[in-house]
Amino acid sequence: MVDSCEQPRERPGEYKEQKRYYSGKKKSHTFKNQIIVLPDGKDIVDVIVGRPGPKSDINVFRESRKGFDPNQKFKGDKAYEGEPFIKTPTKKAKKQELTLEQKEKNKELASERIFVEHLIRFIKIFRVASERFRLNPHKYEQIVMTICGLVRFRIGALVLPI
(Lines give C-alpha, C1' and ligand atoms only; values in the text may rest on other atoms or scores of the structure.)
Protein backbone atom coordinates (compact mmCIF):
# COMPACT_ATOMS: atom_id res chain seq x y z
CA MET A 1 0.00 0.00 0.00
CA VAL A 2 1.32 3.39 -0.92
CA ASP A 3 0.43 6.90 0.22
CA SER A 4 2.01 10.34 0.39
CA CYS A 5 1.90 13.24 2.79
CA GLU A 6 3.20 16.79 2.83
CA GLN A 7 4.93 18.70 5.61
CA PRO A 8 5.36 22.47 5.72
CA ARG A 9 8.92 23.79 5.75
CA GLU A 10 10.60 27.16 6.19
CA ARG A 11 10.49 29.35 3.12
CA PRO A 12 13.80 28.97 1.24
CA GLY A 13 15.97 32.07 0.77
CA GLU A 14 16.49 31.90 -2.98
CA TYR A 15 13.63 32.54 -5.37
CA LYS A 16 14.32 29.39 -7.42
CA GLU A 17 14.15 27.25 -4.27
CA GLN A 18 10.97 29.02 -3.17
CA LYS A 19 9.35 28.29 -6.50
CA ARG A 20 10.52 24.66 -6.39
CA TYR A 21 9.01 23.94 -2.97
CA TYR A 22 5.82 26.02 -3.10
CA SER A 23 2.76 23.78 -3.10
CA GLY A 24 -0.32 25.47 -4.50
CA LYS A 25 -2.48 22.78 -2.90
CA LYS A 26 -1.24 23.51 0.63
CA LYS A 27 -0.53 27.22 -0.07
CA SER A 28 2.90 26.95 1.54
CA HIS A 29 6.41 25.60 0.98
CA THR A 30 6.37 21.87 1.64
CA PHE A 31 8.31 18.63 1.59
CA LYS A 32 6.54 15.58 0.17
CA ASN A 33 7.07 12.14 1.65
CA GLN A 34 5.89 8.81 0.29
CA ILE A 35 5.49 5.69 2.40
CA ILE A 36 4.98 2.12 1.19
CA VAL A 37 3.83 -0.42 3.78
CA LEU A 38 2.96 -4.09 3.89
CA PRO A 39 -0.72 -5.10 3.99
CA ASP A 40 -2.21 -4.75 7.49
CA GLY A 41 0.50 -2.17 8.28
CA LYS A 42 2.92 -4.77 9.67
CA ASP A 43 6.05 -2.99 8.39
CA ILE A 44 7.29 0.03 6.48
CA VAL A 45 8.82 -1.22 3.23
CA ASP A 46 10.00 2.00 1.60
CA VAL A 47 10.11 5.69 2.45
CA ILE A 48 10.80 8.51 0.00
CA VAL A 49 11.62 11.68 1.91
CA GLY A 50 11.98 15.35 1.10
CA ARG A 51 10.71 15.66 -2.44
CA PRO A 52 9.42 19.12 -3.42
CA GLY A 53 5.78 19.67 -2.44
CA PRO A 54 4.37 20.46 -5.90
CA LYS A 55 5.48 17.09 -7.28
CA SER A 56 2.45 14.83 -7.75
CA ASP A 57 2.09 11.60 -5.83
CA ILE A 58 2.08 9.49 -9.00
CA ASN A 59 5.36 11.02 -10.22
CA VAL A 60 7.05 10.38 -6.88
CA PHE A 61 5.84 6.79 -7.11
CA ARG A 62 7.08 6.36 -10.69
CA GLU A 63 10.56 7.52 -9.65
CA SER A 64 10.70 5.15 -6.69
CA ARG A 65 9.16 2.13 -8.41
CA LYS A 66 12.50 1.05 -9.94
CA GLY A 67 13.51 -0.65 -6.69
CA PHE A 68 10.56 -3.06 -6.77
CA ASP A 69 9.75 -6.13 -8.83
CA PRO A 70 8.15 -5.03 -12.16
CA ASN A 71 5.11 -7.26 -11.49
CA GLN A 72 4.56 -5.98 -7.93
CA LYS A 73 0.99 -4.73 -7.35
CA PHE A 74 0.16 -1.82 -5.05
CA LYS A 75 -2.93 -0.22 -3.58
CA GLY A 76 -3.26 3.53 -3.46
CA ASP A 77 -5.70 6.39 -3.23
CA LYS A 78 -7.16 8.44 -6.06
CA ALA A 79 -3.92 10.39 -6.44
CA TYR A 80 -2.36 7.29 -8.02
CA GLU A 81 -5.03 6.80 -10.68
CA GLY A 82 -3.63 6.03 -14.13
CA GLU A 83 -0.85 3.71 -13.00
CA PRO A 84 -1.66 0.12 -14.11
CA PHE A 85 0.12 -1.50 -11.14
CA ILE A 86 -1.84 0.39 -8.50
CA LYS A 87 -5.38 -0.52 -7.52
CA THR A 88 -7.27 2.71 -6.87
CA PRO A 89 -10.84 3.56 -5.92
CA THR A 90 -13.27 4.41 -8.70
CA LYS A 91 -13.64 8.12 -9.28
CA LYS A 92 -17.04 9.61 -9.85
CA ALA A 93 -17.49 10.86 -13.43
CA LYS A 94 -18.59 14.44 -13.99
CA LYS A 95 -22.30 14.89 -13.29
CA GLN A 96 -22.75 11.17 -12.64
CA GLU A 97 -23.10 9.10 -9.50
CA LEU A 98 -21.27 5.90 -8.59
CA THR A 99 -23.27 2.68 -8.64
CA LEU A 100 -23.85 0.80 -5.40
CA GLU A 101 -21.36 -1.85 -6.53
CA GLN A 102 -18.65 0.77 -7.15
CA LYS A 103 -19.34 2.35 -3.75
CA GLU A 104 -18.99 -1.04 -2.06
CA LYS A 105 -15.68 -1.69 -3.85
CA ASN A 106 -14.39 1.75 -2.81
CA LYS A 107 -15.39 1.06 0.77
CA GLU A 108 -13.64 -2.32 0.73
CA LEU A 109 -10.46 -0.77 -0.69
CA ALA A 110 -10.58 2.02 1.88
CA SER A 111 -10.80 -0.53 4.70
CA GLU A 112 -7.68 -2.25 3.32
CA ARG A 113 -5.80 1.06 2.88
CA ILE A 114 -6.52 2.44 6.35
CA PHE A 115 -3.35 0.83 7.74
CA VAL A 116 -1.07 3.12 5.72
CA GLU A 117 -2.99 6.11 7.09
CA HIS A 118 -2.46 4.77 10.63
CA LEU A 119 1.30 4.51 10.02
CA ILE A 120 1.43 8.07 8.68
CA ARG A 121 -0.34 9.13 11.87
CA PHE A 122 2.29 7.29 13.95
CA ILE A 123 4.99 9.25 12.10
CA LYS A 124 3.16 12.54 12.58
CA ILE A 125 2.89 11.98 16.33
CA PHE A 126 6.44 13.37 16.40
CA ARG A 127 6.11 17.15 16.22
CA VAL A 128 9.26 17.50 14.13
CA ALA A 129 7.51 15.43 11.43
CA SER A 130 4.13 17.14 11.55
CA GLU A 131 4.63 20.86 12.18
CA ARG A 132 6.62 23.29 10.05
CA PHE A 133 10.17 21.97 9.68
CA ARG A 134 12.46 24.63 11.17
CA LEU A 135 15.80 22.82 11.17
CA ASN A 136 18.43 22.63 8.44
CA PRO A 137 16.64 21.21 5.34
CA HIS A 138 19.70 19.07 4.57
CA LYS A 139 19.00 17.10 7.76
CA TYR A 140 15.31 16.51 6.92
CA GLU A 141 15.77 13.07 5.39
CA GLN A 142 17.95 11.89 8.28
CA ILE A 143 15.39 13.02 10.87
CA VAL A 144 12.37 11.51 9.11
CA MET A 145 14.19 8.22 8.53
CA THR A 146 15.04 8.10 12.24
CA ILE A 147 11.38 8.65 13.08
CA CYS A 148 10.40 5.86 10.67
CA GLY A 149 12.84 3.59 12.52
CA LEU A 150 11.22 4.51 15.82
CA VAL A 151 7.77 3.80 14.34
CA ARG A 152 8.99 0.42 13.08
CA PHE A 153 10.28 -0.32 16.57
CA ARG A 154 6.93 0.70 18.08
CA ILE A 155 4.84 -1.51 15.77
CA GLY A 156 7.17 -4.45 16.40
CA ALA A 157 8.62 -4.66 12.89
CA LEU A 158 12.12 -3.78 14.01
CA VAL A 159 13.86 -6.17 16.39
CA LEU A 160 17.09 -4.87 17.85
CA PRO A 161 19.93 -7.34 18.58
CA ILE A 162 20.73 -7.86 22.26
Side-chain angles (χ1 to χ4, degrees), residues 1-9 11-12 15-125 129-133 137 140-141 143-145 147-149 151-152 155 157:
M1 288 180 277
V2 59
D3 202 5
S4 298
C5 58
E6 285 186 66
Q7 179 182 1
R9 64 167 284 182
R11 188 175 78 178
Y15 178 71
K16 280 186 178 179
E17 283 291 301
Q18 288 180 18
K19 199 170 179 176
R20 184 171 176 224
Y21 283 96
Y22 186 77
S23 170
K25 181 179 177 183
K26 299 286 181 178
K27 306 290 184 216
S28 63
H29 299 85
T30 59
F31 286 119
K32 180 164 277 193
N33 304 324
Q34 175 182 281
I35 182 167
I36 298 176
V37 302
L38 289 177
D40 299 335
K42 297 204 186 275
D43 197 5
I44 297 172
V45 177
D46 190 29
V47 180
I48 306 296
V49 179
R51 297 293 187 264
K55 194 166 225 170
S56 68
D57 294 357
I58 189 94
N59 285 332
V60 173
F61 175 76
R62 285 176 181 152
E63 287 176 3
S64 67
R65 191 171 183 284
K66 296 169 189 162
F68 290 95
D69 182 45
N71 297 324
Q72 177 71 42
K73 302 280 185 191
F74 297 92
K75 292 177 183 171
D77 58 15
K78 291 178 185 173
Y80 296 95
E81 196 167 280
E83 187 66 35
F85 298 103
I86 301 180
K87 185 177 177 184
T88 58
T90 307
K91 259 187 170 175
K92 186 181 92 173
K94 254 186 178 176
K95 296 182 182 179
Q96 290 182 354
E97 293 296 321
L98 293 177
T99 63
L100 285 176
E101 186 178 304
Q102 289 171 324
K103 286 181 181 177
E104 285 298 317
K105 280 186 178 179
N106 283 353
K107 209 174 205 175
E108 187 178 307
L109 188 61
S111 66
E112 293 170 4
R113 283 194 59 261
I114 193 68
F115 298 106
V116 69
E117 303 292 345
H118 289 315
L119 283 179
I120 289 174
R121 185 191 68 85
F122 280 143
I123 292 170
K124 290 201 171 203
I125 285 174
S130 64
E131 294 179 355
R132 186 171 61 178
F133 190 75
Y140 182 72
E141 182 174 354
I143 290 170
V144 172
M145 294 303 270
I147 290 170
C148 287
V151 168
R152 287 185 68 212
I155 61 175

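- When the shell of 6.0 Å around CZ of R62 is examined, it contains more than 12 heavy atoms from other residues, nucleotides or ligands.
- Atom CD1 in I120 sits 9.5 Å away from atom CD1 in I44 (nearest 0.5 Å).
- The closest donor-acceptor contact from the side chain of K32 to the backbone of K55 lies under 3.5 Å.
- The closest side-chain heavy-atom distance from Q34 to D57 is not below 4.5 Å.
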With a cut-off of 3.5 Å and sequence neighbours excluded, list every side-chain donor-acceptor pair involving residues 85-100.
unit_1 : atom_1 : unit_2 : atom_2 : d
T99    : OG1    : Q102   : N      : 3.2
T99    : OG1    : Q102   : OE1    : 3.4

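- With rounding to the nearest 0.5 Å, the separation of CZ in F61 from CD1 in I48 is 10.0 Å.
- In terms of heavy-atom proximity, Y22 sits nearest to K27 at OH-CA, 3.4 Å.
- For A79 against I58, the heavy-atom pair with the smallest separation is O-CB, 3.9 Å.
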Item to check | Verdict with reasoning, Y80 to F74, per ring-ring contact (aromatic ring centres under 6.0 Å, His included) | outcome: CA-CA 10 Å; Y80 296 95; F74 297 92; 9.1 Å; no
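- Note that CZ of R9 is 11.0 Å distant from OG of S28, once rounded to the nearest 0.5 Å.
- Summarising the geometry of L109 relative to G76, their closest heavy-atom pair is CD2-O, 4.3 Å, with the distance given to 0.1 Å.
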Item to check | Stepwise side-chain contact (heavy atoms from CB on, under 4.5 Å) test for R51 and S4 | outcome: CA-CA 11 Å; R51 297 293 187 264; S4 298; over 6 Å; no
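- Side-chain contact between N33 and V47 is absent, with no heavy-atom pair separated by less than 4.5 Å.
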Next on the checklist: Could you walk me through whether V49 and F31 satisfy the side-chain contact (heavy atoms from CB on, under 4.5 Å) test, starting with their C-alpha distance in whole Å, then the side-chain angles of each, then the deciding distance to 0.1 Å, before giving a yes or no?
Outcome noted: CA-CA 8 Å; V49 179; F31 286 119; over 6 Å; no
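- Two residues are said to be in side-chain contact when any heavy atoms from C-beta on lie closer than 4.5 Å; K26 and P8 fail this criterion.
- Shown here are the salt bridge (charged side-chain N to carboxylate O under 4.0 Å, His left out) partners of E131, two or more places apart in sequence or in another chain: R127.
- Under the side-chain contact (heavy atoms from CB on, under 4.5 Å) criterion, E104 pairs with no residue at all, not counting sequence neighbours.
- Checking side-chain atoms of R20 against main-chain N and O of P54 turns up no donor-acceptor pair under 3.5 Å.
- Atom CD of Q72 is surrounded by more than 12 heavy atoms from other residues, nucleotides or ligands within 6.0 Å.
- When every heavy atom of S23 is checked against every heavy atom of T30, the shortest pair comes out as CB-OG1, 3.3 Å.
- L119 is not listed as a side-chain neighbour of I123, based on a closest heavy-atom distance of 4.5 Å or more.
- In this structure, D3 CG and I35 CD1 are separated by 8.5 Å, a value rounded to the nearest 0.5 Å.
- In this structure, C5 SG and E117 CD are separated by 9.0 Å, a value rounded to the nearest 0.5 Å.
- Remark: side-chain polar atoms of Q18 are paired, donor with acceptor, to backbone N or O of P12 under 3.5 angstrom.
- Expressed to the nearest 0.5 Å, how far NE2 of H29 lies from CZ of R132 amounts to 11.0 Å.
- Within a 6.0 Å sphere centred on CD of E63, other residues, nucleotides and ligands contribute more than 12 heavy atoms.
- Of the possible polar contacts, none joining the D40 side chain to the K42 backbone as a donor-acceptor pair under 3.5 Å is found.
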